[in-house]
Amino acid sequence: MAQLFSLSGQTLVDGNGAPYAAAKAAFYLTGTTTPQNTYSDAGLSSANTNPVVADANGRFPDIYLSAARYKVVLTTSADVAIDTLDPVDATSQLIAQSSAPGTTYPFLRYHNTTDGNVYRRNAANSSWINEGPVDSLVNAATVSEVLTGTDATKAVTPDALAGLWQRGTDIASASTLSLPASGGGVFNVTGTTGVTGISSAQGGRCIKVRFAGALTITHNGTSLILPGAANITTVAGDVAEFVNEAAQDASGSNWRCFDYQTSDNRILLGAVKADQETATSTSIPVVPGVQQYHPSAAKAWLYSAVSAGAPATPPTAHYNITSMADTGTGVTTVTIATDFSSADWCALGTNQSTAATGGHAANSGKAAGTIVLRNYAGTDPGATDPDAYNFAGFGDQ
Amino acid sequence: MKALVYTRHADKGVSVCYPMADLFAYMTRGGGYWNDRPRGFLDELVRRKTCPVLQKGNPITQEAAVKFVHAMQFGGLTTAEAWDVFRLHDCERYGFNVDMIDTGELPDRWFRDAWSRSANGGPVSVDMGKARVIQWERIADAVSRENKRRELDLFGPAPIRLRKTTYQTAIKHARDEEELRRIWVPSLPQL
């Protein structure tokens, strides 16, 4: 706001009280003869003549001053000196600039647009006094500054603070997940592109992400540490939490997943086929889909009731069997879907028979993917049809 | 019930293959039989199925192995195509002239080991030459077991004395399997 000169609207009179008709007020920069503009409006848009001339009654019009220190020379209409006022300080106007004015005087105020503070010159014109921010929002820390977390002078607004925790804009899956500059603590990751890293952030930053699709997160021992050092294939709805282990007050991409919740209750670090085949771990849980790889588990088995040599209802129960073939009296050929890795696997058979038809089982022609089962009646070398074939195979697949 | 019948390479005997119903579901729907297996397992499975050493001289062809693993893993087949996969995978390693039959068309099982087919496949019939031998073996076996039982029975009947020539003649002149089967020792229950 511009400052109204003190003689505005006032009548300048002599010692007898007679007005100085058409008196003049000339404005200069303090201590100089450099003319300075004055204005007829508070917006400092309409300049007065210089000197400003009073009316016939010696009354001066509105004279608005921009921020500066002036010298005012008052004269009669005949240019006879009346008085010289120096300095005349115009301190009300709040000028705005990016750094302190070069010319200063007591009580000069300016708004520093760089840091948002208003400064006032002290009475001795020897230093600046920081009057604080021109308003709280201008000087508040940005979201980026909040996330960086190193500025020791700025205040934080609730909105900027929310950059730490609120839901951010969705992140498109990419090799490096790009955290948005607008901040956020919870994100939805869209797409199915594999992820090998997360963009740089300040050490200690925590984020939660929810995966909207199936993608692979690839473990990296430095930049993306996953539980068990194993890659994760996400399922839509999975949620993970990451913390950036970059150094204090420094940025980096050293993310560690410290929590992962699956949306379908699957076990993230369950035993895989190799774990089951090794069969030594005492800590890895086993899910039904891999339990059959353990050496102690049957890799193929069959129970099939037989009626007139054929499976009554093919088959009554089985696992990993593609077919059974009636090959002859008391002989059936069983074909296995997932072949054993060698022909040297263990086949056990205990056929189910009445006394008349015996119950001895034997195999002949065992191969990696087939086995021929025979049923013998007692000590009779001739094969007879059993009531049911029972067979189980153990070995490596 | 439908099944696949084929003539065995080894002895020209007849086998009847009954595919597992649940495997049809894999082949005709979405597959996924080996979803839990590591990458490359299908190739390994093809190798195993086609390896003569692992299959003890009865490997299947590369085509059959590939079709089978693809059908089981990827599904999408029609039922007819699935039957064909079973033909390639389960039957042709052991035999030829594979045909689909209704098991009601099969002969009586009494002479199961005499089942035969023509050189071109077709329906299953009974080889009367083999059947006559089978019938005599069954009679002899039944008498032998009955006599063992009678020998141990102190107060039971005397052992049966089998007049071989009588049976030989009857068996030799039987005109079909029904007539052949009716030739039996009167004092023994018909099996």
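Bear in mind that the values here come from a model prediction, so they are computed numbers and not experimental data. Here is the naming used below: chain letters follow the sequence lines, and residue numbers restart at 1 for every chain. Just so you know, these numbers use all the heavy atoms, side chains as well, and skip hydrogens, waters and symmetry mates.
For a residue to count as touching a neighbouring chain, one of its non-hydrogen atoms must lie under 4.5 Å from one of that chain's; by this rule B:Pro59 does not touch chain A. Looking at B:Leu23, the atoms closer than 4.5 Å to chain A (heavy atoms on both sides) all sit in the side chain, from C-beta outward. Only the side chain of B:Tyr6 comes within contact range of chain A, with heavy atoms under 4.5 Å apart. At a 4.5 Å heavy-atom cutoff, the contact between A:Phe340 and chain B is made by backbone atoms alone. B:Val14 touches chain A through its backbone: at least one of N, CA, C or O sits under 4.5 Å from a heavy atom, while the side chain does not.
With rounding to the nearest 0.5 Å, the separation of OG1 in A:Thr335 from CE in B:Met20 is 8.5 Å. Expressed to the nearest 0.5 Å, how far CD of A:Gln397 lies from CZ of B:Arg37 amounts to 5.5 Å.
Contact annotation: the side chain of A:Gln292 approaches that of B:Asp36 to within less than 4.5 Å [non-hydrogen atoms, C-beta and beyond].
Donor-acceptor pairing under 3.5 Å is recorded for the side chains of A:Thr370 and B:Tyr94. When only modelled atom types and interatomic distance are considered, B:Tyr33 and A:Asn320 share a side-chain donor-acceptor pair under 3.5 Å.
Of all non-hydrogen atoms in A:Thr327 and B:Arg8, the two that sit nearest each other are O-NH1, 2.7 Å. Smallest separation of non-hydrogen atoms from A:Asp339 and B:Gln55: OD2-NE2, 2.7 Å.
Across A:Ile321, A:Thr338, A:Val290, the residue that shares the most heavy-atom pairs under 4.5 angstrom with chain B is A:Thr338. The candidate from A:Ser342, A:Ala367, A:Ser323, A:Ala343 with the greatest count of non-hydrogen atom pairs under 4.5 Å with chain B is A:Ser323. For the set B:Phe86, B:Trp34, B:Phe24, the count of heavy-atom pairs under 4.5 angstrom toward chain A peaks at B:Trp34.
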Test log, rule salt bridge (Lys or Arg N to Asp or Glu O under 4.0 Å), inputs A:Asp385 and B:Arg109:
CA-CA 10 Å; A:Asp385 285 334; B:Arg109 192 170 177 77; 2.4 Å; yes
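Checking side-chain atoms of B:Asp113 against main-chain N and O of A:Gly328 turns up no donor-acceptor pair under 3.5 Å. Distance alone, capped at 3.5 Å, is enough to place a donor-acceptor pair between the B:Arg112 side chain and the A:Asp326 backbone. Here the side chain of B:Lys49 pairs no donor or acceptor atom with the backbone of A:Ala368 at under 3.5 angstrom.
Contacts with chain B (heavy atom to heavy atom, under 4.5 Å) involve these residues of residues 265-279 of chain A, listed by number: A:Lys273.
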